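Below is one structure, written out as structure tokens, with a few remarks after it.
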Number of protein chains: 2
Amino acid sequence: MVFLTKLCLMHLCYMHKTINSHINSHIKTSEKELSIFNASLNEIAITKGQFLLKPGTHVKHEYFVVKGCLKAYYSDSKGNQHIIQFAIENWWVGDFDAFYNQVPSELFIEAIEDSQLLSIHYDSLQKIYNKAPIFERYFRILTTQAFIAQRKRILSTLEKHTQERYLKFCQTYPNIKDRVPNYNIANYLGVSPENLSRIRKNLKS
Amino acid sequence: MVFLTKLCLMHLCYMHKTINSHINSHIKTSEKELSIFNASLNEIAITKGQFLLKPGTHVKHEYFVVKGCLKAYYSDSKGNQHIIQFAIENWWVGDFDAFYNQVPSELFIEAIEDSQLLSIHYDSLQKIYNKAPIFERYFRILTTQAFIAQRKRILSTLEKHTQERYLKFCQTYPNIKDRVPNYNIANYLGVSPENLSRIRKNLKS
DNA sequence: AGTATTAATTGATTTAGATCAAGAAGATTG
DNA sequence: CAATCTTCTTGATCTAAATCAATTAATACT
């Protein structure tokens with residue numbers, strides 16, 4: 001029992017260490033600011049195939065991936081998945097529209113691997129913004145970078161053929177490419193798995 | 001001459017008034033914070049067909065549209081325009097990747113109508129963030145909303161047919177739809193002008 | 001290891017939309 | 001108000017990719 005407690009503490013340290021170094025790679029914080037932030041985080045463990053979020057939910061949390069891999073997707077009327085984001089280590093994931101604009105979620109977020117996450121509650125975040133406004137900067141920078149990445153994704157759908165877009169995807173996310181089934185990459189690119197398979201075959205020769 | 005000066009002052013007031021009410025629709029500011037911000041803005045007038053930005057430029061400014069309409073686009077090797085954004089009144093426009101990450105611009109920004117803009121310099125903005133950190137919040141909120149809008153755009157290319165995407169575009173941006181030539185809307189949607197024309201014909205009947 | 005399940009591949013057919021080409025309708029300008 | 005330039009439309013053809021269908025390969029399960 002003592003052993004277990006110790007393990008949990010070590011575990012907690014590891015998760016906080018991960019997010020804190022991510023924070024400090026973007027902004028400079030004091031010990032106090034960091035501890036205000038850390039105090040608001042909750043740990044979540046989720047196994048492959050489990051859902052973090054489903055449509056129709058009132059979303060109160062955003063999630064930081066410490067370890068693992070998830071996909072965020074919409075499901076259309078035919079049941080096709082349209083993947084909006086893969087989230088791996090050091091990414092934030094959530095339904096930002098539902099979270100910030102207080103509308104019901106339309107998004108599925110599902111674990112592709114067993115994953116460890118940290119969650120933050122909407123109310124906690126608002127308090128953090130007031131008590132430690134440096135975190136406005138942290139999220140401003142992250143959102144700006146995410147915005148730029150999305151802009152590039154839009155551009156690639158506008159100007160490139162599927163083969164080029166697939167190659168670009170592999171180049172941009174080499175680590176994701178090897179952790180995710182190909183039909184999910186097809187979903188992300190918005191093409192059929194058959195088409196992606198043929199493209200991959202074509203690239204081999 | 002006196003008359004002209006007076007006119008310019010009135011003009012200045014109008015432009016600042018526009019951006020200040022936009023700011024105050026998102027955050028609460030003191031007079032002092034607002035005046036710090038206002039002091040960093042420069043006025044720009046640009047006529048239809050002129051460029052605010054071209055590829056290869058070292059980007060030092062972002063722009064707020066007080067009046068007018070612009071398009072931001074990439075031009076591919078065949079000379080096709082891929083429109084990433086239409087900017088009308090109360091929108092910020094710029095090459096955010098080039099601006100924030102100090103890489104050369106790849107973007108054209110061109111006036112579709114005669115336009116009045118306010119520009120802010122990168123260095124000024126950094127100073128504002130330190131002197132009046134409430135503006136971190138302003139830009140965090142704007143970027144978050146822009147991020148959400150882009151996510152919806154990505155989703156629509158993943159799940160919808162061109163006709164549905166065109167209807168969605170008209171619904172989301174009714175004011176832009178009527179100010180921009182159809183072939184530019186086709187560029188934005190990533191389809192040929194001929195195809196959009198046929199879709200529009202089909203919708204009439 | 002052997003079975004069940006899930007993922008990837010391959011082939012045949014269909015389709016939405018691109019491309020090519022020409023003309024009509026609007027808008028601008030001398 | 002011609003004349004020019006720009007935008008939009010229409011038709012014919014071509015092509016990338018979707019869809020449908022079946023098989024093979026890879027994982028997971030007990």
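Per chain, numbering begins at 1; letters A, B, ... match sequence-line order. Keep in mind that what you see is a predicted model, and the values were worked out from it rather than measured.
- When rounded to the nearest whole Å, the span between CZ of A/R179 and P of D/dT27 equals 16 Å.
- Counting any heavy atom pair closer than 4.0 Å across all strands shown, A/R200 reaches sugar-phosphate atoms only and no base atom.
- Applying the ring pair (Phe, Tyr, Trp, His ring centres under 6.0 Å) rule to A/Y166 yields no partners; only residues at least two apart in sequence or on another chain are considered.
- Between the P atom of D/dA28 and the CD atom of A/E113 lies a distance of 12 Å, rounded to the nearest Å.
- Atom C1' of nucleotide C/dG23 and atom NZ of B/K201 are separated by 14 Å, given to the nearest angstrom.
- Counting any heavy atom pair closer than 4.0 Å across all strands shown, A/G190 reaches sugar-phosphate atoms only and no base atom.
- Put simply, B/N182 has a side-chain N or O that comes within less than 4.0 Å of OP1 or OP2 on D/dC8.
- Computed from coordinates, the B/L196 CG to D/dT7 P distance equals 14 Å when rounded to whole Å.
- A/Y129 carries B/R140 over the face of its six-membered ring, with the cationic atom under 6.0 Å from the centre and within 45° of the normal.
- Comparing B/S192 and B/K48 by the nucleotide of DNA chain C whose heavy atom lies nearest to each, the residue mapping closer to the 5' end is B/S192.
- Of the residues near DNA chain D, B/Y183 and B/N195, the one whose nearest nucleotide (by heavy atom distance) lies more toward the 5' end is B/Y183.
- In this structure, B/R198 places its CZ atom 11 Å from P of C/dG17, rounding to the nearest Å.
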Yes or no on salt bridge (charged side-chain N to carboxylate O under 4.0 Å, His left out) for A/R137 and B/E136, after CA distance, side-chain angles and deciding distance?
-> CA-CA 6 Å; A/R137 178 173 296 186; B/E136 298 264 15; 2.4 Å; yes
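- A/K54 forms a cation-pi arrangement with A/F51, by the criterion of a distance under 6.0 Å to the ring centre and an angle within 45° of the ring axis.
- Here C/dA18 presents its C1' atom at 14 Å from CG of B/D76, a figure rounded to the nearest Å.
- Whole-Å rounding puts the B/I199 CD1 to D/dT10 C1' distance at 15 Å.
- One atom, NZ of A/K78, and another, C1' of D/dC20, lie 13 Å apart when rounded to the nearest Å.
- Closest to the B/E194 side chain, of the nucleotides C/dT10, D/dA17, C/dC20, is C/dC20.
- Heavy-atom contacts from other residues, nucleotides or ligands closer than 6.0 Å to CD of A/E106 number 12 or fewer.
- Phosphate proximity of C/dA16 to B/T162: absent, as no side-chain N or O sits under 4.0 Å from OP1 or OP2.
- The side chain of B/V191 lies closest to C/dA18 when the candidates are C/dA18, D/dA18, D/dT7.
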